[in-house]
Amino acid sequence: PDGSSILFTRRQPDSEGFLHHDLFIWTPEDGESRRITHLGDVSDADPLPDGRSAIALRTRYGFSQIVTVDLATGDVQPLTEPSLDEVFAHPRVSADGNRLAYVVNGDGRWSVVVRDLRSGTDQVIRPDEESAYAWPEWRGEEPVATMYAGGFAELVRLSTDGSATPITRAPGGAMQPAPSTDGRIFFMSL
């Protein structure tokens, strides 16, 4: 959040040579890279605005869950229970640090969950039976996500009432939104 460091994931071997995802912080100004977790199996981290912790994905022994990581100590605490039945992906924190959006696949459908981090309450935003959501990112107060429907991938704005408002109509598809502070949304296109 301070704009001076990059939080990233790198795979590190354990004593038997198996690779595990771990978090690192790199500060380009001084060229230093610091390892945060040790064989933590955490990736896809998004720092909270205070810069002291991040929310990440943990995939370990076939289980998937969302966790918080203390960036000073590397301590990992669960936000969701580890699950074999649900697959979690792409946790993203709102700019004010009060809400979290992430993708979950349960019952064969990809949905977006918006969690109020203060109260712990979840709102599940489900697409219709033939659609799926992926890659949520925050744009102001609402998440923006990729919606796969009818053979196309488009960006949509997700409302708290569960509705999805189209943002793009890209001929090859639009995915992985990256909202900027000036109101534009960058995205990958095919």
Report the distance from atom [atom1] of [X] to atom [atom2] of [Y], rounding to the nearest 0.5 Å.
X	Y	atom1	atom2	result
R99	E142	CZ	CD	8.5 Å
Q65	D41	CD	CG	10.5 Å
D70	Q77	CG	CD	9.0 Å
T121	L117	OG1	CG	9.5 Å
D107	R126	CG	CZ	6.5 Å
S43	L23	OG	CG	8.0 Å

Heavy atoms, side chains only, cut-off 4.5 Å: are [X] and [Y] in contact?
X	Y	result
P136	V103	yes
E86	S64	no
I66	L100	yes
L57	H21	no
V42	I36	no
V114	W138	yes
F88	R58	no
S53	L48	yes

Taking all atoms of both residues into account, what is the closest heavy-atom pair of [X] and [Y], and its distance?
X	Y	result
L71	G51	CD1-O, 3.6 Å
A95	P49	O-CG, 3.2 Å
P177	E137	O-CG, 3.0 Å
N98	D96	N-OD1, 2.9 Å
P166	A164	CD-O, 3.8 Å

* **Intermediate values then yes/no, side chain to side chain contact (heavy atoms under 4.5 Å, CB included), W135 and M188** => CA-CA 11 Å; W135 293 299; M188 298 295 292; over 6 Å; no
For atom CG of D161, decide whether the heavy atoms of other residues, nucleotides or ligands shown that lie under 6.0 angstrom number more than 12.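 Buried by this count: over 12 neighbours within 6.0 Å.
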Quiz item: Within a radius of less than 6.0 Å around CZ of F24, do more than 12 heavy atoms belonging to other residues, nucleotides or ligands occur?
Solution: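 Buried by this count: over 12 neighbours within 6.0 Å.
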- Task: Could you tell me which residues satisfy side chain to side chain contact (heavy atoms under 4.5 Å, CB included) with L39, sequence neighbours excluded, listed by chain and number?
- Result: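 Scan of L39 (side chain to side chain contact (heavy atoms under 4.5 Å, CB included), adjacent residues dropped) gives D14, H20, D22, R35.
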Are V113 and Y133 close enough, and set up right, to give a side chain to side chain contact (heavy atoms under 4.5 Å, CB included), and what steps lead you there? CA-CA 10 Å; V113 174; Y133 291 137; over 6 Å; no
Residue pairs involving residues 167-190 (criterion side-chain hydrogen bond (donor to acceptor under 3.5 Å, both in side chains); sequence neighbours excluded):
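Sorted pair list: E154-T168, S180-D182, D182-R184.
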* To do: Start with the C-alpha distance between I167 and F187, add both sets of side-chain angles, then the distance that settles side chain to side chain contact (heavy atoms under 4.5 Å, CB included), and finish with yes or no.
  => CA-CA 11 Å; I167 295 173; F187 58 90; over 6 Å; no
I'd like to know if D44 and R92 make a salt bridge, using a cut-off of under 4.0 Å between side-chain N and carboxylate O.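 Salt bridge: yes.
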| query | Is the shortest distance from a Lys or Arg side-chain nitrogen in D122 or R115 to a carboxylate oxygen in the other one below 4.0 Å? | reply |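 Looking at R115 together with D122, the answer is yes, because their closest N to O distance falls below 4.0 Å.
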- Criterion side chain to side chain contact (heavy atoms under 4.5 Å, CB included) on T146 and L155, from CA distance to verdict: CA-CA 5 Å; T146 301; L155 301 185; 3.7 Å; yes
*asked:* According to side chain to side chain donor-acceptor pair (under 3.5 Å), who are the partners of T80, at least two apart in sequence or on a separate chain?
replied: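 Listed in chain order: nothing, the list is empty.
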According to a 4.5 Å side-chain heavy-atom criterion applied to Ile, Leu, Val, Met, Phe, Trp and Tyr, with indirect links allowed, do V124 and W110 form part of one hydrophobic cluster?
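No, it is not one cluster - the side chains of V124 and W110 are not joined through contacts under 4.5 Å.
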